[in-house]
Every structure is written in structure tokens, then in C-alpha cells.
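This report refers to the structure that appears directly beneath it.
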Amino acid sequence: MHPYLSKEHEQRFKELCNRDRTHIRDIERRSLFYVIAGSNMLFNNVELLYDFKDSVIKLEVYDQPFLTGGTRCLIDLAFHLYGADVECDICFMFNQLDHIHRILALNTIKYRFQIIKELEVRVS
């Protein structure tokens with residue numbers, strides 16, 4: 001099983017990890033970037049989601065109008081797996097996501113809890 005949705009997803013993931021200088025063992029942060037990289041809407045708004053200078057998530061993103069429906073569910077999942085005190089209702093989330101983003105969510109959960117380890121590629 002290839003863990004990325006596409007080559008673009010893989011490129012974006014590596015780009016975010018490189019930009020943040022994310023350590024290979026920082027599974028929580030890498031899980032966050034995996035979700036962001038897998039959604040065009042989240043990736044295009046990454047500056048609103050994550051502060052690369054201070055290496056922290058921006059919880060104030062919830063005020064942004066682009067964060068609705070499926071994108072809101074994905075960021076809830078990403079922030080929750082990152083370790084933020086954010087609610088993530090799994091049943092609600094999967095009902096809001098399309099097929100591709102369901103795969104993204106499942107792969108993220110598998111990666112975060114080390115059920116799959118394929119994302120453990122070194123990024124420069």
C-alpha cells in the first residue's frame with residue numbers, strides 16, 4: 001500500500017516537513033503535515049494553520065471561513081492527533097468526508113499510531 005494519495009501529496013508532505021525541520025521521530029507533527037499536504041484547501045492555507053517560526057499550530061484558525069465541512073473535520077483530526085485539546089467525532093468526520101479524504105484520514109490515524117511506517121522517509 002502506498003501511503004500517499006498522489007505524488008503531489010508526497011511532495012507537499014516533504015516540503016512541509018523540510019520547512020519546519022520536523023524530526024523523523026516527531027510522529028505527531030508529521031501526522032499533522034500529512035493531513036495538510038493531502039488537502040488542497042488546507043495546504044493552500046497552511047500559513048493560517050501553522051506557525052513555522054514558532055513551530056506551533058494556530059488554534060485561531062477556527063475563525064476562518066474556509067474551514068467548513070470536510071476541511072474542518074480534517075483539521076480537527078490533525079490537531080487532535082498532534083496533541084491539541086480538540087474534539088474529533090470520528091462518526092461525524094467520516095460522514096463529512098469524500099472517499100479520497102476518508103483514505104487520507106485513515107492513513108493518518110494508521111501512521112500516527114504506527115500501524116503503517118512507510119512515511120518514515122528521511123527528508124532533507
Query raised in the report: Which pair of heavy atoms, one from Leu97 and one from Gly70, lies closest together, and at what distance?
Result: CD2-O, 3.5 Å

Query raised in the report: If every non-hydrogen atom of Tyr34 is compared with every non-hydrogen atom of Thr108, which pair is closest and at what distance?
Result: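 Distance-wise, the nearest heavy atoms are CD2-OG1, 3.0 Å.
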
Taking side-chain contact (heavy atoms from CB on, under 4.5 Å) as the definition, give me every residue that meets it alongside [X], ordered by chain and number, with sequence neighbours left out.
X	result
His23	Arg25, Asp26
Gln64	Leu48, Val61, Phe66
Ile90	Cys88, Met93, Phe94

Would you kindly confirm whether [X] and [Y] end up in one hydrophobic cluster when ILVMFWY residues are joined by side chain heavy atoms under 4.5 Å apart?
X	Y	value
Val56	Ile27	no
Tyr4	Leu106	yes
Leu59	Val35	yes

**Report entry** Pairs meeting criterion side chain to side chain donor-acceptor pair (under 3.5 Å) with involvement of residues 85-98, two or more places apart
**Finding:**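 Every side chain to side chain donor-acceptor pair (under 3.5 Å) pair that includes a residue of residues 85-98, provided the two are not neighbours, is Asp98-His101.
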
Query raised in the report: Please, which pairs that meet side chain to side chain donor-acceptor pair (under 3.5 Å) have at least one residue in residues 69-84, sequence neighbours excluded?
Result: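 Matches after skipping sequence neighbours: Arg29-Tyr82, Tyr62-Asp76, Arg72-Asp76.
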
Would you say that [X] contacts [Y] through its side chain, given a criterion of any heavy-atom pair below 4.5 Å between the two side chains?
X	Y	answer
Ser6	His9	yes
Asp20	Leu16	no
Leu74	Met41	no
Val86	Leu77	no

Query raised in the report: In this structure, are over 12 heavy atoms from other groups packed under 6.0 Å from Gln11 atom CD?
Result: no

Report task. Would you please name every residue forming a salt bridge (Lys or Arg N to Asp or Glu O under 4.0 Å) with Glu8, sequence neighbours left out? Result -> Arg12

Query - Arg19: partners by salt bridge (Lys or Arg N to Asp or Glu O under 4.0 Å), with sequence neighbours left out - result: Glu47

Value rounded to 0.5 Å, distance of [atom1] in [X] from [atom2] in [Y]:
X	Y	atom1	atom2	result
Ile24	Cys17	CD1	SG	8.0 Å
Arg102	Asn107	CZ	CG	14.5 Å
Ile75	Ile57	CD1	CD1	8.0 Å
Tyr111	Leu81	OH	CG	12.0 Å
Ser39	Ile100	OG	CD1	12.0 Å

Query raised in the report: By side chain to side chain donor-acceptor pair (under 3.5 Å), which residues pair with Thr68, not counting sequence neighbours?
Result: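 None.
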
Query raised in the report: Step by step, would you call Phe33 with Glu15 a side-chain contact (heavy atoms from CB on, under 4.5 Å)?
Result: CA-CA 9 Å; Phe33 291 146; Glu15 177 185 327; over 6 Å; no

Query raised in the report: Can you check side-chain contact (heavy atoms from CB on, under 4.5 Å) on Ile36 and Asn45, steps first, answer last?
Result: CA-CA 9 Å; Ile36 293 171; Asn45 289 286; over 6 Å; no

